[in-house]
Amino acid sequence: MTTGAEELGAVVEAAHAAFEKARTADPFTRAAWLEAVATALDADADALVALAEQETHLTEARLRGELKRSTFQLRLFADEIRRGEHFDATIDHADPEWGMGPRPDLRRYNVPLGVVGVFGASNFPFAFSVMGGDSASALAAGCAVVHKAHDGHLQLALRTAEVVVAALDAAGAPSGLFALVTGRPAAEALVDHPMVKAIGFTGSTAGGRALFNRAAARPEPIPFFGELGGINAVFVTENAWSARRDEIVAGYAASFTLGMGQFCTKPGLLFVPGGHTDTVRTALNGALGGFAPAPLLSDRLHEGYAGAVGHLRGTHGVEVLVEGDFAEAPSPTVLRTSADAVRTDPSILRQEMFGPASLIVEYGDESELPALAGLLEGQLTTTLQAEAGDDVSDLAARLTDISGRVLWNGWPTGVTVSYAQHHGGPYPATSSNTTSVGTAAIRRFLRPVAYQSFPEGRLPEPVQDGNPWRVPQRVDGEWRRPAAVSASAAGGGQ
């Protein structure tokens, strides 16, 4: 099935009408909607996971874990919006003695953007798809969502959307608050529609950039929050290599092959001291000995993976360290190059291989690492494998400049959903400075509005002096954090 342009228009208009009805819902009511969706998804888990297995080649254990992550995320967002911190409610009372001259009464808080178009990812059919992070955070912010299904798991998308819509209807949310559309014409029309006020996207750099450009070219440009991937470089100091070489190689092998290398946080680069090529090859072969290959998510991804690996291994200065293959269930490939080669041709460091392949870069001296890091484009993550006494301040500062999450003695695969999480990074990792994972993701779909000299009774609840929703308020420069209030007292929780 494909959504036609006329049908897409009707869906967006219905979403906008639902947004107008829901935009003033109190946090407890909105939280109850999110929790209703989480409960419904959990209840339909067996059928959803079975469909996902058929369409994605992913294992039942992986899919159940991913669905659990999605419903946990919905409940975490529900708790977050009950706290009310996302409103950033700020009150400046009128002050005739203000240092800039008499100050009028000013009240500012964050309001939802409107209808958000969300594009699902191929590699996470639950966590970054129909009710993944973008959809969940947009609903939590108070927006309506129109989701463009990914063709790689279409039947699962349709079933998930049915569950979500039914749960929202049963919880009393306005009809049309969430909807799903399919097909490329609908995708383009979704970005173009004047009632759509933002786009959330997880996918390839090429696809994301095309949508980003389209969103910017509208008569009314809109925000485009795109997570476009990255290489996720790992830097190993000389001391760490001497102390933990086998441990590091084993961790690297497990991380770049996790999920058949189809994670956006896969470590695609490993910088290690040179002069140990044969030892590294032996250690890698041992670490990969128990690897169980599986088919990639789709034929299109398999073709792209084979092309990317073939291109990089054919580049001057790059050689094969561990020979893999491009069978239906491919075995891992590890390539090797030198610091001299990447200084001559920095594009070597920018070739993403979406699958079970990675590149090792051998350096001559640790002092080279900050400059080598300077050759990298924006990253979702970078990692330091170092010892406690290592002076890596210059390198760490450089990694902070180019990445959204910097790890110490860990591996980047695995992105927990939490309050401090940041899943983003400088372009081309993402198209903005926001996160698509964690509670801060909600703020992407909000904008501030200030009210000047409004009567108390006409002010929105978060910036009233009476504070009926009991949200944190910054009043005349000082924070006031009321005790939590129950759903019944707030008048919500239907």
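Note that this is a predicted model, so its numbers are computed, not measured. Just the heavy atoms: all of them, side chains too, but no hydrogens, waters or symmetry mates, feed the values below.
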Can you tell me if D246 uses its side chain to pair, donor with acceptor, with the backbone of A283 under 3.5 Å?
no
Determine whether a donor-acceptor pair (N or O, by modelled atom type, separation under 3.5 Å) exists between the side chain of T381 and the backbone of T265.
no
Is a side-chain N or O of E60 found less than 3.5 angstrom from the main chain of V49, in a donor-acceptor match?
no
Flag yes if more than 12 heavy atoms outside H311 fall under 6.0 Å of its NE2 atom; otherwise flag no.
no
Taking atom CZ as the centre, does R447 end up with more than 12 heavy-atom neighbours from other residues, nucleotides or ligands that are less than 6.0 angstrom away?
no
Would you find more than 12 non-hydrogen atoms of other residues, nucleotides or ligands less than 6.0 Å from D299 atom CG?
no
Please test S418 against T416 for side chain to side chain donor-acceptor pair (under 3.5 Å), starting from the C-alpha separation and ending with a verdict.
CA-CA 6 Å; S418 188; T416 192; 5.7 Å; no
Less than 3.5 Å apart, any donor N or O on the side chain of S255 or T413 sitting next to an acceptor on the other?
yes
Geometric class of the H150/H153 ring pair [parallel <30°, tilted 30-60°, perpendicular >60°]:
parallel
Test log, rule side-chain contact (heavy atoms from CB on, under 4.5 Å), inputs Y252 and V236
CA-CA 11 Å; Y252 167 63; V236 185; over 6 Å; no
Check whether the side chains of T277 and E362 place a donor and an acceptor atom closer than 3.5 Å, and report yes or no.
yes
I'd like to know if the side chain of D390 reaches the main chain of V392, judged simply by a donor and an acceptor atom lying under 3.5 Å from each other, with no hydrogens or angles considered.
no
When you measure from the side chain of D391 to the backbone N and O of S393, does any donor-acceptor pair fall under 3.5 Å?
yes
Test of understanding: with side chain to side chain donor-acceptor pair (under 3.5 Å), list the residues that count as partners of D42, not counting sequence neighbours.
T71, R75
Please confirm whether the backbone N or O of R62 pairs with a side-chain atom of T59, one donor and one acceptor, at under 3.5 Å?
yes
Using a distance-only test with no angle check, is there a side-chain donor-acceptor pair under 3.5 angstrom linking N285 and R281?
no
Between D134 and R444, does the salt bridge (Lys or Arg N to Asp or Glu O under 4.0 Å) criterion hold? Intermediate values first, please.
CA-CA 9 Å; D134 287 343; R444 294 176 295 171; 2.9 Å; yes
Is it the case that the side chain of Y419 and the backbone of E80 share a donor-acceptor pair, with hydrogens and angles ignored and the cut-off at 3.5 Å?
no
Does V191 reach the side chain of V196, with side-chain heavy atoms less than 4.5 Å apart?
no
Specify whether F235 and F271 have parallel, tilted or perpendicular ring planes, treating 30° as the upper limit for parallel and 60° as the lower limit for perpendicular.
parallel
Looking at L296, is its backbone amide N or carbonyl O close enough to the side chain of H57 to form a donor-acceptor pair, meaning the two atoms are under 3.5 Å apart?
yes
Quick check: F212 with F201 (ring centres under 6.0 Å apart)?
no
For E368, enumerate each residue passing the salt bridge (charged side-chain N to carboxylate O under 4.0 Å, His left out) test, keeping only those at least two apart in sequence or located in another chain.
R343
Quick check: does any side chain N or O of T202 sit under 3.5 Å from a backbone N or O of E227, one acting as donor and the other as acceptor?
no
Plane angle bin for F445 and F225 - parallel if under 30°, tilted between 30 and 60°, otherwise perpendicular
perpendicular
Once you measure the plane-to-plane angle for F87 and Y109, does it fall in the parallel (<30°), tilted (30-60°) or perpendicular (>60°) bin?
tilted
Would you say N110's side chain and H86's backbone share a donor-acceptor pair under 3.5 angstrom?
yes
A quick test of your reading: do over 12 heavy atoms of other residues, nucleotides or ligands sit less than 6.0 Å from CD of E328?
no
Taking atom types as modelled and ignoring hydrogens, do the side chains of S367 and D365 form a donor-acceptor contact shorter than 3.5 angstrom?
yes
Set out, in order, the CA-CA distance, both residues' side-chain angles and the distance that settles salt bridge (Lys or Arg N to Asp or Glu O under 4.0 Å) for D345 and R350, then state yes or no.
CA-CA 10 Å; D345 182 5; R350 300 168 186 174; over 6 Å; no
Show, in sequence, the C-alpha distance, side-chain angles and deciding distance for V163 and M131, and conclude whether the side-chain contact (heavy atoms from CB on, under 4.5 Å) test is met.
CA-CA 10 Å; V163 173; M131 194 40 61; over 6 Å; no
R159/D44 under salt bridge (Lys or Arg N to Asp or Glu O under 4.0 Å): CA gap, chis, key distance, verdict
CA-CA 10 Å; R159 174 67 177 248; D44 203 44; 2.8 Å; yes
Tell me, with the steps shown, if R69 and E66 meet salt bridge (Lys or Arg N to Asp or Glu O under 4.0 Å).
CA-CA 5 Å; R69 170 199 175 99; E66 196 182 317; over 6 Å; no
